Structure formats: C-alpha cells, structure tokens
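Sharing a structure here in structure tokens format.
Everything quoted here is computed from the prediction, not taken from an experiment. Numbers restart at 1 for each chain; the letters A, B, ... are given by sequence-line order, proteins then strands.
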There are 2 protein chains.
Amino acid sequence: MNQKINNLTLKMLAKQLGLSVSTISKAIRDSHEISDTTKKRVNELVQKLNYIPNPYASSLGSRNSKTIGVVIPEVVDSFFAKAINGIESIAQENGYHVLIYLTHESIEKEKQILKDFESGRVDGVLLSVSRETCSHSHINILMNKGVPLVFFDRVVDEVKASKVVTNDYESAYKATELLIKNGCKQILFLSFLNTLAISNKRLNGYKNALLDNRLAFIEKNILTFQNDSKKDYLLLKKKLNLTKRADGVIASVEKLALPVYQACEELRLNIPGDVQVIGFSNLDTAAFLNPPLTTITQPAFEIGKTAAALLVKALGRKKIELANEEIIIPSTLVLRRSTSL
Amino acid sequence: MNQKINNLTLKMLAKQLGLSVSTISKAIRDSHEISDTTKKRVNELVQKLNYIPNPYASSLGSRNSKTIGVVIPEVVDSFFAKAINGIESIAQENGYHVLIYLTHESIEKEKQILKDFESGRVDGVLLSVSRETCSHSHINILMNKGVPLVFFDRVVDEVKASKVVTNDYESAYKATELLIKNGCKQILFLSFLNTLAISNKRLNGYKNALLDNRLAFIEKNILTFQNDSKKDYLLLKKKLNLTKRADGVIASVEKLALPVYQACEELRLNIPGDVQVIGFSNLDTAAFLNPPLTTITQPAFEIGKTAAALLVKALGRKKIELANEEIIIPSTLVLRRSTSL
DNA sequence: TTTATTTACGAAACCGTTTTCGTAAATACA
DNA sequence: TGTATTTACGAAAACGGTTTCGTAAATAAA
C-alpha cells in the first residue's frame, strides 16, 4: 500500500556483518550475551546506516509496546492540557509513546476506547473518566485482562487502583469558608452533572463548610449544569436576579466560571461588590479577568507527572503491580479581586 | 513480562469454526472472497468471544498502522488544543489512532520525533513546526522515505507539501489597519523569535498596512520575545513608558497578549484609552478580560480537521499522493473593548 | 455437453522482530 | 589434566496477524 522505501531490516544488517539476526537483535538491546567488540561493530553499522527498528515487529515479539494510553474527557481545558505535559515529560524520559484519546465526556466513547485497549495496543493506561461515567465494569474488565491502569483527577472510588488526585474536599471547604468569612450568606455551588462515582467531594466540602459555620445548606443553591445547555445559564441568571439573590458563587469546574462573569455583566452586578466568585481553575488568564478571579488551582502538571511516573515505574518491574494507593497533591487557593471585600 | 490473560488469536477462532486462519482473517475484514454465511458465522463468534485483533500483528503484516502522528510545539495553547480536537474528530471517524508528540518549541526534539517516524510507526504525519525550526532537512528526509505529511498552521514554505493555514498576512494587515483607523500612531508588533521559514507573514501584513497608510515602519517597534525571558517583558514595559510611547499593540501570538495587559496594569495605562491592544488568540476568556480583548481568532478546529482530512484521504488511496496545495482558512476579527475608541 | 469463469476457501510464505534453546570455544575449578 | 562453567553466538521457533497463490466446486458461456 505504501511506497515505503527499502526499509532496513535486521536481516540486512546481519548479512553485512556476517552475523546472525539474533545476535544483531541482542547487540542492539545491549544484551549481556554479546561481547563488547561485537556490540561496537553492530552499533557502528546501525549508526552509519541509520537503522531504526520496526516498532510493530518489536512489539509483536516482545509483547509490549512502550506506549501508554491516556484517556481524558477533553483537551481544550487547561487542567488536562497541563496534565498531558506532565505525563509527556515522564513518557519522554522513559522512552514511552503517548497515545491520546478523548471521550468528550461520553461514557460510550470511553467504553469503546478501553475495549480497544484489550488488544494490547498499550502497555498501560492513564485514565480520567468522563462526567457520564457511572458504572465501571468496563474499567474492571480492562484491569482484569492484566492491563495496568492509573487514575488521575477524575477517579472512580469504587474501583481499586492507583489514583492521583488533589484535595477536592478540603479545597472546596476552604473556598466556601473564604466566602463565608467575606460575609456571603447565599452561596451558589455550580457543577456539572456527575452521575455517581466521580467526586461529590467538592460538594461535600461546600456542604460541610456551610454547616460548620451555621449556615443552612440549601438544595436549590446547587446548580447542576447539563452539557452547555442554555437553560442552565438562564437558571443561574435567575438565581442571581432574585430579590434575595446569591452573593457568592463557587464554580467547581473551570468552564463554569465564565458564565458567572457573563451573567453578572448582563445583570450589571458588581464582582465582588454584589457577588463574590471563586473558581476551580487552571486558567492562565485568571489574573487578567475583570475582575481577576480568585481560584482554587489544581497542580495539573504534577498530577499528570505523578500518575505517569507511577505507571511507568510499575511497567518497569518484572511482575507488574500497582499499589492500591491514593496520592493526594494539594491545590492552591489564589486570592484575587473577585473575592475581596 | 506482562501477565496478559489468555489472548484470543485467529488460530483459536479458526479451530472452533473448523475454518482456516486466513479465512477468518478475511471474513473479519469483510473480504469479498468470503461468503456471507461464513462471514456471519465468524462475526458471531467474534462477538461472543469478544475477539480483538492484535494491532501490532496487523500492522506488521499489512505494513500500515492506522495511526497518525501529530507533532506540535505545545498543548497548553488554545489553538493547538482545538486543532487536536479537529484532528481527532476525523481520526475517530476513520478509525485512526492519534499519537501526539510535543516539541516544546525545540528543533532537536522535533528532529528526534520525525526520525522515529521513519520506523513506520505512523502512516502519516500532521506537523506544526517549532519556533526554532529554521532548517528543514529532517522534514524532507521523512517525506522522502515515503511518509505522507501535512503541515498545519506553522508551515515551512520551502518544503513542498500539503499545507493548511490561515490568512496570516491579511489578518495582520487588517488588525494593523484597525488600530490605525482608531488613531494609533505608534504600533508595537510583538512576536516570538522565529528563525526563518515560519511566517513572517503576520509581520509583513503589519508592515504593509503601515506603509499603505503612510505611517513609518520602525524597526524598533518590533519586539521579538525569546522564551519567556524577563528581559523582553521589561523591554515591552519600557516601550510603553516612553514619553512618546506606543499607543497600540499587536500581539501576534496568543501568549503575548497577557504580558501587555500586565504591563499596562503596572504602568497604570488604560486600555484602550492609552493603549489599544489586539491579539492573535483562541482564548475562550478573551471576552472576559479587563477589558475584553479584540482578537484575530484562527479557525483552530477547522484547520486541524482539514489537515487531518487531507491526510486521511490520501492514506485511503492505493497510491498515496498529496497535492502540493495550500489551503487557507480565514481568521476572524472579533472586535471587543480593547480597541474601541 | 464442454469449456471458461467465478466463488469460496485453505496452505504456506511473509512481516521484522524477540525469545528459546543448543553448542563450540574459552575459561574456571579441582 | 579432566571436568564444570561461562561466554558468545546461531538456528529456529515464536509473535499474531496479512497476503499470495493454488484449487475444487459452482456457475456461466459456448
């Protein structure tokens, strides 16, 4: 099909050096079975002829691919983009290739992708589940096939696996507390519909901070957005337009901070004068918004890097085993003007 | 090495059905050589046993990988993130996998990556070169090996290949013209050092707009940033602090818009009162900056999608050939308050 | 009815490595 | 000096598919 040029093979090298294919193969991979002088001869020819092994033949023979699969909901998202950077830094360092798959928050796609992984395409998987992910049999099935998997950020508590997350509960608690300290009485909590498994942790942090400060927890102050629906935005606007309107908003997801700004603008509400806003966000532009947005900033790069390191380390072992641990890397509260008094 | 479970192979399926391996293989790929009844029998067993072919064996045999390699400078960048979405949409649709590599603007990494591609790891390549990329032999070498390649956005003019770009020249011209119309006399042009090849197009658009409007083109008004160096920022600040200071700024790269905002803030300059700003950017937050940023917005998704479509279409042909064409998808000027009068 | 063609399949080679195993020569041990 | 180990390599069998080619039976053409 392809008009690939004359690809150099081990056999050709072997012929040129009067050695066997297996000797060449071993020499290239620095096997102890091969003498140093032979290794040198081989490597010189490899250099000279610019030989590059066929990765598919290697993978087939060795039953591993030096590839890790990264499954994330979305890439147009500062958190995930930065996490990819972290993952990629470890991958490069250890000679792994990175296959990226986007679920676009669809559990169906997620299932499809994980199923494909049963083929042995990747040596291990880094997974951040979609919002829709409520069941987790597809994940267990993959793991039971012996494919190592590490969760990052959006984990499924019910699945036993290595996980790298941030301190969602504490962060939300702290954010809520801040708003309370700043005098807010009616605090809206904005999130996306997350069917089950994925963290209600932020919500709980919010809830408990309210209770601990003798404020009522009001069900209606939780706004659960569907996918970019206009309806939710209108509901938000309505909440901000009541006589007894909200005076504080926590956007528990990066994408939900901007609608708040927009709503306030349209309603001519002053931030932070009328409404104080705080967002879970990795946006580099947070400091330049109008007004600058106070954020809970997750250690995206670190989370990606740590998850990848965990996986790569496990892959390097004879007997692959991932501890059932949860590594927590704390987020940072960055105070800016959207929450000053 | 891996404790992979009992992977199902064609041979096992063949035995169960009393057919030959080749028949099964053909049936699965819907070959015309196989009768419908046999295909049905095979597919039923495939379903039942949940058989998934080993991609590495397939690739080795068929000499193609159903994988495309995407090489970009950075993923924490709205443009590239959105371009990936476009690429991925086409890939998914056509059953291709997407291998993503980041150069981090380093030509050395870029060379490394392209060299690895000589191995046949990917069927085709989507490339947006690094800022450092001044020579292009590494690209030509790869293409000469018969690996189809499509440039997107950051192309190398000297290399003959398919390219998908936006109208950089016109966009910059238009942006400059806008500032001029708005009364700016001293317009700064901010860019990163791009050694050669990559578009001086934006710069030329800027230059010609000045000349066409009888404004002097002043070499010193071009600020060429190195990598995130503090020095450049200080130079920018200085330029905005002269007695005859700049009254307009064009950030020809997304990342350079924020430093302008920061500098203005520190200098207590009003945007757009004292300085008008326009940025090449895909930032979703542009509309919520203080003040909202007028942007030249590139059709990132479309560019990625088009480039991928071009590549995939070529890969589908018996004889792979990519026209030496350049597809131009125009950017949009979005007027916001950073340039109002 | 005879011959040509098509249909539906199987045998075997092949893709380019890795891995297992066998072995002659070199070295160590006793 | 004879035996046990190492050392350094090669032959051949995987790995799990795809592809080529050959062929018997079924169908079409003459």
Would you say A/Ser135 and A/Ser137 are linked by a side-chain donor-acceptor pair, where the criterion is simply a distance under 3.5 Å?
no
Nearest of C/dG16, C/dG10, D/dT18 to any side-chain atom of B/Thr23?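 My answer, after comparing the listed nucleotides, is C/dG10.
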Atom pair distance, as rounded to whole Å: CD1 in B/Ile24 and P in D/dT18:
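Atom CD1 in B/Ile24 sits about 12 Å away from atom P in D/dT18.
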Stems for DNA chain D (at least 3 consecutive Watson-Crick or G-U pairs, under 3.5 Å) come to C:1-30 with D:1-30
*Select one nucleotide: of D/dT19, D/dG10, C/dT17, the one nearest the side-chain heavy atoms of A/Ser20.*
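Of the options given, the side chain of A/Ser20 lies nearest D/dG10.
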Check your understanding: Would B/Asp30 and B/Lys39 satisfy salt bridge (charged side-chain N to carboxylate O under 4.0 Å, His left out), going step by step from the backbone distance to the final call?
Key -> CA-CA 7 Å; B/Asp30 199 29; B/Lys39 280 181 189 168; 3.0 Å; yes
What is the separation between atom CD on A/Glu33 and atom P on C/dA24, rounded to the nearest whole Å?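 These atoms are roughly 17 Å apart.
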**Request:** Take the protein atom CG of A/Leu19 and the nucleotide atom P of D/dG10, then report the distance between them rounded to whole Å.
**Result:**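 Between P of D/dG10 and CG of A/Leu19: 5 Å.
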Problem - Residues forming a salt bridge (Lys or Arg N to Asp or Glu O under 4.0 Å) with A/Glu105, sequence neighbours excluded - result: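 Checked A/Glu105 against salt bridge (Lys or Arg N to Asp or Glu O under 4.0 Å); matches are A/Arg131, A/Arg154.
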B/Ile34 has its side chain closest, among C/dG10, C/dC9, C/dT18, to C/dC9
TODO: Tell me yes or no: between the side chains of A/Thr133 and A/Glu110, is some donor less than 3.5 Å from an acceptor?
DONE: yes
Report task. With heavy atoms under 4.0 Å as the rule, sort A/Ser25 into base, sugar-phosphate or nothing. Result -> base
Q) In whole Å, what is the span from the CG atom of A/Asn64 to the P atom of D/dC15? A)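 Atom-to-atom, A/Asn64 to D/dC15, this comes out as 15 Å.
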Taking OP1 and OP2 of C/dA8, is either one under 4.0 Å from a side-chain nitrogen or oxygen of B/Thr38?
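So the side-chain polar atoms of B/Thr38 never come under 4.0 Å of the phosphate oxygens OP1 or OP2 of C/dA8.
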For residues 84-92 of chain B, please give each side-chain donor-acceptor pair under 3.5 Å, one per line with the distance, not counting sequence neighbours.
{"unit_1": "B/Asn85", "atom_1": "ND2", "unit_2": "A/Glu74", "atom_2": "OE2", "d": "3.1"}
{"unit_1": "B/Glu88", "atom_1": "OE1", "unit_2": "A/His104", "atom_2": "NE2", "d": "3.3"}
{"unit_1": "B/Glu88", "atom_1": "OE2", "unit_2": "B/Gln92", "atom_2": "NE2", "d": "3.0"}
{"unit_1": "B/Ser89", "atom_1": "OG", "unit_2": "B/Gly86", "atom_2": "O", "d": "2.7"}

Between D/dG16 (P) and B/Asn54 (CG): distance, integer Å
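Taking CG of B/Asn54 and P of D/dG16, I get 7 Å after rounding.
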A/Leu10 has its side chain closest, among C/dT18, D/dC15, D/dG17, to C/dT18
**Message:** Would you say B/Arg29 places a side-chain N or O within less than 4.0 Å of OP1 or OP2 belonging to D/dT19?
**Reply:** yes
Could you give the CD1-to-C1' distance, from A/Ile28 to D/dC9, as a whole number of Å?
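Roughly 15 Å, once rounded to whole Å.
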| message | On DNA chain D, does the nearest nucleotide to A/Thr37 precede the nearest nucleotide to A/Gly61 from the 5' side, or the other way round? Give the residue. | response |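 Nearest-nucleotide comparison on DNA chain D picks A/Thr37.
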* Confirm from the modelled atom types if B/Ser22 and C/dA11 form a donor-acceptor pair under 3.5 Å, side chain to base only. => yes
Practice item. Round to a whole Å and report the spacing from NZ of A/Lys26 to P of D/dA8. Key: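 Roughly 12 Å, once rounded to whole Å.
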Whole-Å distance, A/Arg63 CZ to C/dT18 C1', equals 8 Å
From the list A/Lys111, A/Lys145, A/Arg121, salt bridge (charged side-chain N to carboxylate O under 4.0 Å, His left out) partner of A/Asp116 resolves to A/Arg121
* Asked: Do A/Phe301 and A/Phe79 have ring centres separated by under 6.0 Å?
  ->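 Ring-ring flag for A/Phe301/A/Phe79: false, centres at least 6.0 Å apart.
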* Which residue, B/Ala57 or B/Asp36, contacts DNA chain C at a nucleotide closer to its 5' end, judged by nearest heavy atom? ->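 The residue whose closest nucleotide sits nearer the 5' end is B/Asp36.
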**Asked** Taking A/Ser59 for the side chain and A/Pro55 for the main chain, is one N or O donor matched with an acceptor at less than 3.5 Å?
**Response**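 Checked: pair present.
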Checklist entry - Counting only side-chain N and O atoms of B/Tyr51, is one of them less than 4.0 Å from OP1 or OP2 of D/dG17? => result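 So the side chain of B/Tyr51 is within the cut-off, an N or O lying under 4.0 Å from OP1 or OP2 of D/dG17.
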